[in-house]
Amino acid sequence: MKITLSVIKADIGGYVGHSSSHPDVLKKARECLERARKGGQLIDYHVTNCGDDLELILTHQQGEENEAIHKLAWDTFLECTDVAKALKLHGAGQDLLSDAFSGNVKGLGPGLAEMEFEERQAETVIIFMADKTSSGAWNLPLYRMFADPFNTIGLVIAANMHSGFSFEIHDVKHSKKVVFNAPEEIYDMLVLMGAPNRYAVKAVRHRPSDEIAAVSSTQKLSFMAGRYVGKDDPVLVVRSQGKFPAVGEILEPFAVPHLVEGWMRGSHNGPLMPTAQPQANPSRFDGPPRVICCGFQLAEGMLIGPRDMFDDPAFDEARHWANQIAEYLRRHGPFEPHRLPLEEMEYTTMPEVMQKLEGRFLDL
Ligand code: F6R
Ligand code: MG
Ligand code: MG
């Protein structure tokens, strides 16, 4: 049975500030999707939030980039925005960059990760959702999951994974893509992948079957709007078990809270802290950046779950470590490398300051 799994997300208003989502907004989203499920448009859905981002997890049989499914998500965000506006939540409708839907949510503001596949006898899917960071945040964990034998022992000792995986990498500034084969091309691949602000992994496929293994949202909101509208706060869908990495191999990269861009005013580096969903309310200096993880088994497209995968004391140490890194970075205040380089910050006063200083710069 062919199933499409669509994860579509948007920040349509924060409660309080940009820290979390209001229960009434989530309730409205569930009402909208329940209508669609009853009408036969969806097989199943799950609504959650990571911080101020509203996450719609949908299963259906309409394929990827289906206009009706995208319109359903768009209309859900609009209805939720009405709730956000009535409650005067912060930044109501902030990610809906267009006034009108035009066939596809791509380019309109919401983040999107979709994959269509033949549902296996047991179909394990793992969905990561992040807040206060950008799409390149998945580069390092995806490398670890699908190319690093120190993380994924299956690459070495499981015959069905031993041929490796291919990585589709997008240049998010110039809208180009390139595919690399791991392990043969990892040195070339890492030249790009190691620069997550410019290059983001969009998809990973199993070799030689070419089956889809992982898909991320790679939207760059700041570029799309031509002005600051928030970090992209990306999502990532990963298939697990069998010819794909085991659940534990997929979660393992998050045991190290790696540094990502985002945090306060989308203008800082900070550790990506893995938490249970109820703990994903970034508040200290609007952070540190958060990642949550919902695990599901699919049964004819029904979402059996979620299991809250970071709700595990085995990740306590990562959280503790993230707090220590956060504290250390915070001591740098407005200095790099805590603050992002000038051209990467989402807020800047550079033009005004430079204008004020005109004539005061003298040749050395
Ligand atoms: C970062 C984020 C927050 C806001 C900050 C200021 O992605 O969402 O750190 O940038 O709270 O928000 P505004 O400009 O909406 O007052
Ligand atoms: Mg927000
Ligand atoms: Mg957010």
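Starting from 1, each residue takes its place in the sequence as its number. Keep in mind that what you see is a predicted model, and the values were worked out from it rather than measured. Whatever order the structure lists ligands and atoms in, that order sets their numbers, starting from 1.
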Note to self: Below 4.0 Å, non-hydrogen atoms only: which portion of His18 touches ligand 1? Side chain, backbone, both or neither.
What the structure shows: side chain
Margin query: Salt bridge check, Lys2 against Glu119: does any charged N sit closer than 4.0 Å to a carboxylate O?
Written below: no
Next item on the list: Considering the heavy atoms of Trp263, write down every atom of ligand 1 situated less than 4.0 Å from one of them.
Entry: 1 (C), 7 (O), 9 (O)
Margin query: Which atom name would you report as the N, O or S atom of Asp131 nearest the Mg ion (ligand 3)?
Written below: OD1
Next item on the list: Could you check which N/O/S atom of Asp11 is closest to the Mg ion (ligand 2)?
Entry: OD2
Notebook entry, point to check: Closer than 2.8 Å to the Mg ion (ligand 2), do we get an N, O or S atom from Asp53, backbone or side chain?
Noted result: no
Checklist line | salt_bridge(Lys243, Glu211) N-O dist < 4.0 Å | finding: yes
Checklist line | the Mg ion (ligand 3) to nearest N/O/S of Asp52 below 2.8 Å | finding: yes
Next item on the list: Would you mind naming the N, O or S atom of His18 nearest to the Mg ion (ligand 2)?
Entry: ND1
Next item on the list: Show which atoms of ligand 1 fall inside a sub-4.0 Å distance from at least one heavy-atom site of Met264.
Entry: 9 (O)
Notebook entry, point to check: When you measure from the Mg ion (ligand 3) to each N, O or S atom of Asp233, which atom gives the shortest distance?
Noted result: OD2
Next item on the list: Looking only at distances, please establish whether an N/O atom of ligand 1 is found under 3.5 Å from an N/O atom of Asp52.
Entry: no
Margin query: Is a donor from one side chain sitting under 3.5 angstrom from an acceptor on the other, for Arg339 and His332?
Written below: no
Note to self: Distance under 4.0 Å to a non-hydrogen atom of Tyr347: what atoms of ligand 1 satisfy this?
What the structure shows: 4 (C), 6 (C), 10 (O), 12 (O), 13 (P), 14 (O)
Next item on the list: Using heavy-atom distances, let me know which of Gln94, His90, Lys132 sits nearest atom 2 (C) of ligand 1.
Entry: Lys132
Check: Would the number of heavy atoms belonging to other residues, nucleotides or ligands and lying under 6.0 Å from OH of Tyr15 be above 12?
Finding: no
Check: So is Arg239 actually on top of Phe117's ring, under 6.0 Å and inside 45° of the axis?
Finding: yes
Checklist line | Salt-bridge present (Lys85, Asp82; N to O < 4.0 Å) | finding: no
Check: Of all the heavy atoms in Gly266, does at least one lie under 4.0 Å from an atom in ligand 1?
Finding: yes
Item checked: Asn281 and its side-chain hydrogen bond (donor to acceptor under 3.5 Å, both in side chains) partner, picked from Ser19, Ser20, Ser21 -> Ser20
Check: Taking atom types as modelled, is there a side-chain donor on Asp52 or Gln94 under 3.5 Å from an acceptor on the other?
Finding: no
Check: Would one find more than 12 heavy atoms of other residues, nucleotides or ligands at under 6.0 Å from atom CD of Glu352?
Finding: yes
